[in-house]
Number of protein chains: 2
Amino acid sequence: MRISTKGDYATRALQDLALHYDEGPIPIEAIAQRQVLPARYLEQLLLTLKRAGVLASKRGVNGGYYLAKPPREVTLGQVLRAVDGPIAPIFCVSEENLREHCSQETTCALRDVWAEVRDAVSAIVDHTTLADICDRIRAKTKQRITYQI
Amino acid sequence: MRISTKGDYATRALQDLALHYDEGPIPIEAIAQRQVLPARYLEQLLLTLKRAGVLASKRGVNGGYYLAKPPREVTLGQVLRAVDGPIAPIFCVSEENLREHCSQETTCALRDVWAEVRDAVSAIVDHTTLADICDRIRAKTKQRITYQI
DNA sequence: AGATAGCCGACTGATTGACTCAAGTATTAA
DNA sequence: TTAATACTTGAGTCAATCAGTCGGCTATCT
């Protein structure tokens, strides 16, 4: 039940872009340095996310990537699906895979459990937006500062 | 967010063993045929599950594998963890990995989300037992028969 | 024009996934 | 006691995926 580094890196990059929303395009290199990610690899992921409609980009000097939509409208589910494919834990409960159905459906109760798992996971990732992530970080940071004073 | 074929095969094998609980040891070959699984591969998985304390076995003629505990006491979570490792979607929220913690915890809200996902998944798999699976199958089968009559 | 920065495709090396195989040991029935 | 059965153990294989890297191209701004 792992998410890949793609999912990990992509969500961290978007977390970063969301925190710097309204600052115009951010170059890959800046994101890579702040989040400690391999730049050339991140490049691929951001391009994928652009094709998925999550990001937009601007080339040349002062160019970079930026969110195609406000943070409130981008969910983690969109990001994960873009880079990692379906959320479903197993093919036979994937929404994108309706035609090919398991030969043993009638004698298998596991399928129902995997469907529950899929729903539980998407209930979380499809309802958590980048704005939520930003809010949590700000809450954390505030708390940390309070403690330090 | 996939479960591997190991998790898939192992749970199907245990579903089968649970349905045939009280029938004594069942040979690998019988399970493999009923569930349409590669026998030599299943062999490994069942051995792993034995080492994990989920299964017991008997060698020789009339030998085979059987549940080490009644179906009511075996959860899918135990099975999945035995063959696939931790449920956690990412290392930094794995219970088995407490010492090695993420360098960016204070500036990362994603970790909390992955922890939510982990909890949601384990809430399901750690509370679904093989007995539950059997009950569901029997309910399904009954329903199917009713329709056919 | 030149620097910046995204775009695109190809390539690679290591790991993991999904098995297979051979040989060994315990158990039982004939 | 021997033969058949069936789990046990460790090793080997083959392909796919992961996790990147690299070179060169194109667009944009100063």
Side-chain angles (χ1 to χ4, degrees), chain A residues 1-13 17 20 23-68 80 82-86 89-91, chain B residues 1-13 17 20 23-68 80 82-86 89-91:
Chain A
M1 294 295 302
R2 298 295 125 68
I3 62 169
S4 66
T5 58
K6 284 186 191 174
D8 180 14
Y9 293 0
T11 48
R12 275 162 62 189
L17 283 175
H20 296 85
E23 296 181 20
I26 314 266
I28 294 174
E29 195 56 48
I31 306 171
Q33 282 185 17
R34 280 197 295 251
Q35 297 291 324
V36 196
L37 302 174
R40 301 303 291 267
Y41 190 42
L42 184 57
E43 197 176 302
Q44 293 182 357
L45 302 180
L46 298 186
L47 197 52
T48 304
L49 290 165
K50 183 189 173 177
R51 295 198 181 114
V54 173
L55 291 180
S57 64
K58 194 187 161 194
R59 289 186 171 190
V61 179
N62 296 325
Y65 279 96
Y66 54 95
L67 294 178
L80 291 178
V83 296
D84 272 342
I90 197 170
F91 80 98
Chain B
M1 296 294 303
R2 298 296 124 68
I3 62 169
S4 65
T5 58
K6 285 187 190 174
D8 180 14
Y9 293 0
T11 49
R12 275 162 61 189
L17 283 175
H20 296 84
E23 295 181 20
I26 314 261
I28 294 174
E29 195 57 48
I31 306 172
Q33 282 185 16
R34 279 197 295 252
Q35 297 291 323
V36 196
L37 303 174
R40 305 300 292 266
Y41 189 43
L42 183 57
E43 201 175 295
Q44 292 182 356
L45 303 180
L46 298 186
L47 197 52
T48 304
L49 289 166
K50 183 189 173 178
R51 295 201 179 111
V54 174
L55 290 180
S57 64
K58 195 188 161 196
R59 289 185 173 191
V61 180
N62 297 324
Y65 279 98
Y66 54 96
L67 294 178
L80 292 178
V83 297
D84 272 341
I90 197 169
F91 79 99

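Throughout, a chain's letter reflects where its sequence line sits, starting with A, and its residues are numbered from 1. Every value quoted in this text rests on a predicted model; they were computed, and no experiment measured them.
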Inset, instruction - Please list, chain by chain and in numerical order, all residues satisfying salt bridge (Lys or Arg N to Asp or Glu O under 4.0 Å) with A:R12, sequence neighbours excluded. - result: A:D8
Ignoring hydrogens, what is the shortest heavy-atom contact between [X] and [Y]? Give both atom names and the distance.
X: B:Y41; Y: B:K6; answer: OH-CG, 3.4 Å
X: A:G7; Y: A:L80; answer: CA-CD2, 3.8 Å
X: A:D84; Y: A:S4; answer: OD1-OG, 2.6 Å
X: B:A52; Y: B:A82; answer: CB-CB, 3.7 Å
X: A:I26; Y: A:A30; answer: CG2-CB, 3.9 Å
X: A:L49; Y: A:A10; answer: CD1-CB, 4.1 Å

Under-3.5 Å N/O pairs linking protein and nucleotides 13-18 of chain D:
none

Between [N] ([atom2]) and [X] ([atom1]): distance, integer Å:
X: B:Q33; N: D:dA6; atom1: CD; atom2: P; value: 11 Å
X: A:Y66; N: C:dG6; atom1: OH; atom2: C1'; value: 12 Å
X: A:R12; N: D:dA19; atom1: CZ; atom2: P; value: 13 Å
X: A:I28; N: D:dC22; atom1: CD1; atom2: P; value: 16 Å
X: B:Y65; N: D:dT5; atom1: OH; atom2: C1'; value: 14 Å

Legend entry - Residues which pass side-chain hydrogen bond (donor to acceptor under 3.5 Å, both in side chains) with A:T5, listed by chain and number, not counting sequence neighbours: none
Inset, instruction - Give a yes or no on whether a donor-acceptor pair under 3.5 Å exists between the nucleobase atoms of C:dG17, that is its base, and the side chain of B:R2. - result: no
Legend entry - Side-chain donor/acceptor contact of A:R40 with base of D:dA19 under 3.5 Å: no
Legend entry - Partner residues of A:E29 under the side-chain contact (heavy atoms from CB on, under 4.5 Å) criterion, sequence neighbours left out: A:Q33, A:A39
N/O-N/O pairs, protein side and nucleotides 28-30 of chain C side, under 3.5 Å:
from: C:dT28; atom 1: OP1; to: B:K58; atom 2: NZ; distance (Å): 3.4
from: C:dA29; atom 1: OP1; to: B:N62; atom 2: ND2; distance (Å): 3.4

Inset, instruction - Measure the spacing between CG of B:L45 and OH of B:Y9 and express it to the nearest 0.5 Å. - result: 9.0 Å
Inset, instruction - Could you tell me the separation between the OG1 atom of B:T48 and the CD atom of B:E43, rounded to the nearest 0.5 Å? - result: 11.0 Å
Inset, instruction - Scan residues 43-54 of chain B against DNA chain C and write down, sorted by residue number, each residue with any heavy atom closer than 4.0 Å; if none is found, say none. - result: B:Q44
Inset, instruction - Looking at every strand, decide which applies to A:I26 at a 4.0 Å heavy-atom threshold: base, sugar-phosphate, or nothing. - result: sugar-phosphate
Inset, instruction - Taking only the side-chain nitrogens and oxygens of B:S57, find out if one of them lies under 4.0 Å from OP1 or OP2 of D:dT8. - result: yes
